[in-house]
Amino acid sequence: NPKKSLSYQAMSSAFMFPISGKARIQLENHAILAKPGKMIYIPYASHLDISVESEENFSYINVFHQFIKRPIFEIDIS
């Protein structure tokens, strides 16, 4: 079973939440072991290299956001 890898440039800032498996993420000059229980912040326009290190698939959820200059705000979601 060959290990899988993926490379891309983040088109938006995001919070990455790994939900299964493990992967080594090279994020600019930082090496991060991504696994469930961690949250990784992905800055806008950063380059990611993701290499799966587990036998099971590496799955994650990205929550994308745009930079908002106001420090305090609220948004109605209905």
Rounded distance (nearest 0.5 Å) linking atom OG of Ser20 with atom CZ of Phe58 | 8.0 Å
Check side-chain hydrogen bond (donor to acceptor under 3.5 Å, both in side chains) between Ser54 and all other residues, then give those that pass, not counting sequence neighbours.
-> none
What do the steps show when you test His30 against Tyr41 for ring-ring contact (aromatic ring centres under 6.0 Å, His included), and what is the final call?
-> CA-CA 12 Å; His30 302 279; Tyr41 180 68; over 10 Å; no
Just list the side-chain donor-acceptor pairs under 3.5 Å for residues 43-52, sequence neighbours left out, or say none.
from  : atom 1 : to    : atom 2 : distance (Å)
Ser46 : OG     : Pro43 : O      : 2.6
His47 : NE2    : Asp49 : OD1    : 3.2
Asp49 : OD1    : Ser7  : OG     : 2.4

Decide whether Tyr8 and Ile40 are clustered together by the hydrophobic rule: side chain heavy atoms of Ile, Leu, Val, Met, Phe, Trp, Tyr closer than 4.5 Å, transitively.
-> yes
Of all the heavy-atom pairs spanning Ala34 and Ile25, show the shortest one and how long it is.
-> CB-CD1, 3.6 Å
Hphob cluster co-occupancy, Leu6 + Leu27, side-chain heavy atoms under 4.5 angstrom = yes
Member of Arg24, Lys4, Lys35 meeting the salt bridge (Lys or Arg N to Asp or Glu O under 4.0 Å) criterion with Glu53 | Arg24
Would you find a donor on one side and an acceptor on the other, under 3.5 Å apart, between the side chain of Lys38 and the backbone of Pro18?
-> no
Are the side chain of Gln26 and the backbone N or O of Glu28 linked by a donor-acceptor pair below 3.5 Å?
-> yes
With Met39 via side chain to side chain contact (heavy atoms under 4.5 Å, CB included) - residues at least two apart | Phe15, Phe17
